[in-house]
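Have a look at the structure below before the remarks.
Bear in mind that the values here come from a model prediction, so they are computed numbers and not experimental data. So you know, we letter chains A, B, ... as the sequences are listed, proteins then strands, and number each from 1.
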Amino acid sequence: MPIRVYSTLTRQKEEFQTVEPGKVSMYLCGPTVYKPAHIGHMVGPVIFDTIKRYLAYSGYQVTWVVNITDVDDKLIVKANELGTTVEALARKMTEDYLDNLRTLGVDGIDHMPYATQYIQEMQEIIAGLIEKGYAYPLNGDVYFECTKDADYGKLSGRNLTEMLAGTRAETRDGKHNPADFALWKGSKPGEPAWDSPWGPGRPGWHIECSAMARKLLGDTIDIHGGGLDLMFPHHENELAQSESCTGKPFARYWLHNGLLRKSGAGGKIGGDHSRHGDSADMLAEKQAQEEQKLAGSKGAESVKTAVFAKFDPETVRFFLMATHYRSPVDFGDDRLAETEKSIDGFYRLIESFGRATGKDFYSLPVPATRTESDAAFVGWDSVPTSAQVGTVSQPTVWPDYKAELAALRIRFLDAMDDDFNTGAATAALFDLRKTLNSFITDQKLEGEGRSNAAAQAALLRGVMLFKELANILGVFRKPLEKKSAGRADDEFVNSLMQLLISLRAEARKAKQFEIADKVRKGLTELKVTLEDRPEGTIWRRET
RNA sequence: GGGGCCGUAGCCAAGUGGCUAAGGCAAUGGAUUGCAAAUCCAUCACGCGUGGGUUCAACUCCCACCGGCCCCUCCA
């Protein structure tokens, strides 16, 4: 099954074909680093990290670029306010951003270019656009002339003449028409500035992406991504600049992720809420919100304090994977808490697997590509591969179990092939969990079945498949910190627990259930759960 | 006003022009357990916002309406 992706440009799913066979170039618009990252900033990177993982798994060599905007009006304002330099502020906020990405397991970014390091390349594009008649200098600024670009508006579905008809042509600033946007902005005294043929200044918002994408990935990139809010004007303008400059398609596929909304609060995270057609009231309100935002008391909290302080990053990532990337998503503590509950069983499975085989799930190897994975399946007692499902005769030992594994694997991969449908893919993961649990139970792998080496091997293979698929989504890569069976940060606590458990075991042996239950109830109040298993009692802390 | 999206069980959420409308949370019954926990099995939308239309057939396509959301403003 070929990979299909939904492109904003055509508003439909298309078969994925890259410029260069076997290679994928991917560009994601990164943050303007003027304040600590909030959870909304993490969505794009997590999604595109997963996309990269899947493309790499599918055999592509992927190059992924995420830019850092380190020069911008907001940055200048904020730096002034804090009495620091734009450079220092940008560096600090970039570190915060990267730190959060690491926490969420986003590790596939190949290049993180800073806008200020590509001034030269931006100026080359601007000069080229002026030369070709797509742009004009004006009082130290340079503007892109939208009307010169025949298909301007094609990405966001806008019609330029209608747009212009809708606005009163207030070209008070001398722009040829209101839709024209700045490629280069002349600087005022005290602002960061670079020399240019049009006088000292700094780049406009959109030009950096055109320049960096071109420099690092070429004239035509395969995938261009970003939040839905960037579709217009940012991506529309990027596209217009780049294609006018090179005469080639800028990106083959435009992928836009849905925005996060604050659960129950209405409105997206980190946004303003003013409407169009501002009345005086609304302007006042808008201004008030701006002030609150600057004071740091309004808008989204940083991801660290708002999210990671309460929830494990693994939970956050799974939550993001459980819905479709193009849909808007309500985000809040209640939702995360539910995700926590729903993935609990996976950690039980992982622990159960450890008891059954004595192996550590987290250090199991995973195949790097689908081809390798196919080979692994062929090598293991003839579980059918994707091409063989339904046609190959099943082995005599646990045919149902093995057939289920193979079918679930295909279900997962088919879902990913279909525009990276991680929501449907996670459903396959849940079913896989059930299959594995059943196998452990049926084969009594935590009890007498432990001596059954063949069954153990079969379980191992199934769990490896689980790990392989989870790894594509970037989930279950490490244990939940607050909630692991039979472990505590403190050796002292461990010893106490063992003491309690052995005392209780004696009571149970003597049928003194009142005492035994008293111990368990007391522990429950301390958020500790005991599980009496045939092989012994285990304990777990609840969050 | 212009551009676009969404409305699937108590909640979250995939999906499809025609087979039993994924999965999770919650709930109920059962197996198991000294009792629990965990796990497994079963049940849980005759219907996919409302009303029309197209079609042999629509929840899936079209239209209208209701409700919610996003963008049009250097927000990921």
Seminar exercise, completed: Per the under-4.0 Å heavy-atom filter, residues of residues 41-48 of chain A near RNA chain B come out as A:His41
For this session: Measure from the ring centre of A:Phe513 to the centre of the six-membered ring in the base of B:rG34, then say whether that distance is under 5.5 Å and the planes meet at under 30°.
Result: yes
For this session: Identify whether any heavy atom of A:Arg520 sits under 4.0 Å from a base atom; if not, whether one sits that close to sugar-phosphate; answer base, sugar-phosphate or nothing.
Result: base
For this session: Indicate yes or no: at least one non-hydrogen side-chain atom of A:Thr8 is less than 4.5 angstrom from one of A:His235.
Result: no
Exercise. Base, sugar-phosphate alone, or nothing: which one does A:Asn159 contact when heavy atoms must sit under 4.0 Å apart?
Worked result: nothing
Exercise. Is a donor-acceptor pair below 3.5 Å formed from side chain A:Arg348 to base B:rA38, judging by atom type as modelled?
Worked result: no
Exercise. Can you find a donor-acceptor pair, distance only, under 3.5 Å between A:Arg261 side chain and B:rC70 base?
Worked result: no
Exercise. Between B:rG34, B:rC71, B:rG23, which one does the side chain of A:Phe232 approach most closely?
Worked result: B:rC71
Exercise. How about A:Phe476 and A:Phe318: are their ring centres within less than 6.0 Å of each other?
Worked result: yes
Exercise. Do A:Asp334 and B:rC11 have a side chain to base donor-acceptor pair shorter than 3.5 Å?
Worked result: no
For this session: Tell me the partner of B:rA26, counting only Watson-Crick (N1-N3 plus N6-O4 or O6-N4) or G-U wobble (N1-O2 and O6-N3) with both under 3.5 Å; none if nothing fits.
Result: none
For this session: Give a yes/no on whether any side-chain N or O of A:Thr426 is located under 4.0 angstrom from OP1 or OP2 of B:rA13.
Result: no
